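These numbers were taken from a predicted model, which means no experiment stands behind them.
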Amino acid sequence: MAAPPQTDASPTAVPARPPAGFRYAESAAAQPILCFRHATVGYPGAPVLTGLNLELRAGERLALIGPNGAGKSTLIKSVLGLAAVLGGAVEVFGRSPGRAGGLCGYVPQAADLDPDFPITAGHVVLLGRYRRTGWWRPTRAADRRAARDALARVGLADRAEVRFGLLSGGQRQRVLLARAIVTEASLLLLDEPFNGVDAESRQALLTVLTELTTAGAALLVSTHDDALAHQFADRVHTVGAAAADSLTVPPEGVHTPGALPPASSPADDLAAAAGPVVARGGTGGA
Ligand SMILES: Nc1ncnc2c1ncn2[C@@H]1O[C@H](COP(=O)(O)OP(=O)(O)OP(=O)(O)O)[C@@H](O)[C@H]1O
């Protein structure tokens with residue numbers, strides 16, 4: 001296991017909020033936050049990964065690596081109910097995927113927005129708060145403060161009033177990470193969150209993520225940066241390769257990747273999880 005990066009033990013770390021009834025503090029060994037058991041995930045008529053056995057507990061960082069189209073995004077989406085569980089079982093906080101979406105913070109891959117869409121970076125972050133409080137409730141001063149704090153944590157405090165679509169690609173990624181942070185979710189699902197993020201900002205984001213996992217959040221992150229994955233994560237799971245070669249510590253379960261389905265036109269399901277932010281087509285269709 002690689003040593004986690006140094007942190008400044010900032011007292012501003014956002015506490016992870018387990019959902020009501022989920023008591024991992026007393027039973028972490030018995031109750032993983034996320035659990036795949038012999039799972040097949042994919043899309044109707046098109047399984048992408050089969051025989052998945054993975055567990056993720058509070059405070060753990062699990063990285064997914066693998067080539068384009070291997071199924072990293074699909075695996076993450078299956079946790080949110082955006083990809084289907086076609087066999088076996090996937091449990092999130094002891095619930096079925098899709099019934100726990102509000103308990104997860106999600107950074108989708110390669111998001112973009114129509115530059116004419118009138119939403120600021122600050123409001124994009126605030127969307128993460130709505131997922132926590134419910135769309136029907138007006139935001140409170142505390143929510144707006146949390147959104148400002150989250151933007152500051154990703155180094156964009158001065159961009160709150162800037163239209164999201166006018167930010168650079170790396171800045172948009174950081175805004176989306178702030179939106180995930182502000183949910184105070186116990187499980188963060190980050191799909192290639194560092195794409196387009198410069199080295200200095202990436203290090204700052206890694207520090208923030210380390211603070212969150214230290215506070216008890218679990219982190220599932222996909223990346224094409226194998227070195228980063230091994231540096232940052234407690235475990236690295238290679239999607240689309242032999243499991244025995246893919247784990248830096250003995251696995252909780254063993255992953256057996258399945259054959260990839262023929263490419264098909266992916267649905268734009270991002271809006272369901274990310275409000276008005278919409279997916280930009282990337283290789284592999286995430
Ligand atoms: N909505 C969809 N319907 C059917 N097939 C899909 C859909 N989305 C993705 N796929 C297929 O699932 C497979 C895995 O795609 P996925 O996006 O999960 O890979 P990935 O490992 O994240 O790739 P990348 O590294 O390029 O982002 C690909 O063959 C892709 O074409």
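- The salt bridge (charged side-chain N to carboxylate O under 4.0 Å, His left out) pairs that include a residue from residues 31-48 are Arg37-Glu55, where partners are two or more places apart or lie in different chains.
- Residues satisfying the side chain to side chain contact (heavy atoms under 4.5 Å, CB included) test with His224, not counting sequence neighbours, are Asn68, Lys72, Glu192.
- Side chain of Asp191 to backbone of Val107: no donor-acceptor contact under 3.5 angstrom is found.
- With contacts defined as side-chain heavy-atom distances shorter than 4.5 Å, the pair Ser222/Ile76 qualifies.
- A search for side chain to side chain contact (heavy atoms under 4.5 Å, CB included) contacts involving Ser78 returns Phe36, Val41, Ala83, not counting sequence neighbours.
- Residues Leu177 and Arg153 form no side-chain contact, since every pair of their non-hydrogen atoms from C-beta on lies 4.5 Å or further apart.
- A donor-acceptor contact under 3.5 angstrom links the side chains of Thr74 and Tyr43, judged on distance only.
- Residues that satisfy the side chain to side chain contact (heavy atoms under 4.5 Å, CB included) test with Ala229, not counting sequence neighbours, are Ala63, Ile65, Thr223, Val236.
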Listing, residues 86-94 side-chain donor-acceptor contacts under 3.5 Å, not counting sequence neighbours, or none:
none

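- Shown here are the side chain to side chain donor-acceptor pair (under 3.5 Å) partners of Arg202, two or more places apart in sequence or in another chain: Asp225.
- A distance-only check finds a donor-acceptor pair linking the side chain of Thr213 to the backbone of Leu209 [under 3.5 Å].
- Side-chain atoms of Arg129 do not come within 3.5 Å of backbone N or O of Arg144 as any donor-acceptor pair.
- Side-chain atoms of Arg61 come within 3.5 Å of backbone atoms of Phe232 as a donor-acceptor pair (strictly under, hydrogens ignored).
- Remark: Asp198 engages no residue in a salt bridge (Lys or Arg N to Asp or Glu O under 4.0 Å) (not counting sequence neighbours).
- Under the rule for a side chain to side chain contact (heavy atoms under 4.5 Å, CB included), the partners of Ala121 that lie at least two apart in sequence or sit in another chain are Leu167, Val175.
- With contacts defined as side-chain heavy-atom distances shorter than 4.5 Å, the pair Val154/Val208 does not qualify.
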